[in-house]
Amino acid sequence: VQLVDSGGGSVQAGGSLRLSCSPSGYTPTSYCMGWFRQTSGKEREGVATIGSDGTTRYADSVKGRFTISRDNGDKTLYLQMDSLKPEDTAMYYCAAQWGYSRSLCNSLLATGFRNWGQGTQVTVSS
């Protein structure tokens, strides 16, 4: 299964963007999917995850501003990003691990995910 990220761009602080992640091929009904971000020289950071039971988890830095969701019809994963800040600037990646694990979804750790999109750049200017 390939994951294709899209929706990144350049916005001013306070603006909004919506990222999309479209999987190709068969996708299991049990999963943990998420969004991660990375800047140069830093480790990949968990932003938000969603499990096949509907449970969501957010990094403290994005709570109240970002919303993760998944369309169970076409399996597309979304990240609605509002009130963007310059510190949100990063390459954003979607990820999936087939087979739901509550501990993985709660951890926001990139190391547990085996399937990754190619990334989409988000740049927020002040």
Side-chain angles (χ1 to χ4, degrees):
V1 177
Q2 284 190 317
L3 303 175
V4 180
D5 306 333
S6 62
S10 296
V11 295
Q12 290 192 324
S16 298
L17 284 172
R18 187 175 79 157
L19 306 184
S20 300
C21 173
S22 299
S24 62
Y26 169 75
T27 55
T29 56
S30 176
Y31 59 83
C32 176
M33 297 187 74
W35 289 96
F36 295 78
R37 64 188 182 187
Q38 189 170 25
T39 55
S40 180
K42 293 190 176 181
E43 291 188 357
R44 200 164 289 189
E45 170 193 26
V47 174
T49 59
I50 185 167
S52 48
D53 65 348
T55 302
T56 57
R57 173 85 176 215
Y58 295 91
D60 288 343
S61 59
V62 307
K63 278 181 184 175
R65 301 188 298 120
F66 291 10
T67 304
I68 189 170
S69 63
R70 186 175 187 258
D71 184 324
N72 288 324
D74 64 11
K75 311 297 194 294
T76 300
L77 181 71
Y78 297 100
L79 184 69
Q80 178 66 41
M81 305 187 295
D82 298 317
S83 302
L84 282 161
K85 304 176 180 180
E87 52 262 44
D88 294 318
T89 295
M91 183 71 80
Y92 283 71
Y93 300 88
C94 76
Q97 185 62 17
W98 310 122
Y100 175 63
S101 165
R102 179 173 295 179
S103 60
L104 175 64
C105 266
N106 286 343
S107 74
L108 292 172
L109 293 176
T111 53
F113 291 81
R114 296 292 177 262
N115 303 279
W116 291 88
Q118 81 285 0
T120 185
Q121 178 68 37
V122 171
T123 302
V124 185
S125 58
S126 57

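Keep in mind it's a predicted model, so treat the numbers as computed, not measured.
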Return the [atom1] to [atom2] distance between [X] and [Y], rounded to the nearest 0.5 Å.
| X | Y | atom1 | atom2 | result |
| --- | --- | --- | --- | --- |
| L109 | S103 | CG | OG | 9.5 Å |
| F36 | E43 | CZ | CD | 12.5 Å |
| Y93 | D5 | OH | CG | 9.0 Å |
| R102 | R57 | CZ | CZ | 11.5 Å |

Treating [X] as the side-chain partner and [Y] as the backbone partner, does any N or O pair qualify as donor plus acceptor under 3.5 Å?
| X | Y | value |
| --- | --- | --- |
| S22 | T76 | no |
| Q38 | A90 | no |
| T89 | V124 | yes |
| D88 | K85 | yes |
| Y58 | I68 | yes |

Looking at side-chain heavy atoms only, is the closest gap between [X] and [Y] below 4.5 Å?
| X | Y | answer |
| --- | --- | --- |
| E87 | S61 | no |
| P86 | S126 | yes |
| M33 | C94 | no |
| T120 | S6 | no |
| M81 | R65 | no |
| N115 | Q97 | yes |

Among the clusters formed by ILVMFWY side chains lying less than 4.5 Å apart, do [X] and [Y] turn up in the same one?
| X | Y | answer |
| --- | --- | --- |
| L77 | V47 | yes |
| V11 | Y92 | yes |
| L17 | M91 | no |

For W35, run the side-chain contact (heavy atoms from CB on, under 4.5 Å) check against V62, L19, I50 and tell me which one passes.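 Single side-chain contact (heavy atoms from CB on, under 4.5 Å) partner of W35 among V62, L19, I50: L19.
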If I compare all heavy atoms of [X] with all of [Y], which pair ends up nearest, and what's the gap?
| X | Y | value |
| --- | --- | --- |
| S16 | S83 | OG-N, 4.4 Å |
| Q118 | L3 | OE1-O, 3.6 Å |
| Y100 | S30 | N-OG, 2.7 Å |

More than 12 non-hydrogen atoms from neighbouring residues, nucleotides or ligands closer than 6.0 Å to CD on Q2, yes or no?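 Counting neighbours around CD of Q2, 12 or fewer heavy atoms of other residues, nucleotides or ligands fall under 6.0 Å, so no.
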Is the shortest side-chain N to carboxylate O distance from D60 to K63 below 4.0 Å?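 Looking at K63 together with D60, the answer is yes, because their closest N to O distance falls below 4.0 Å.
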Stacked cation flag R44 on F113, 6.0 angstrom / 45 deg: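 The answer is no; the distance or angle limit is not met.
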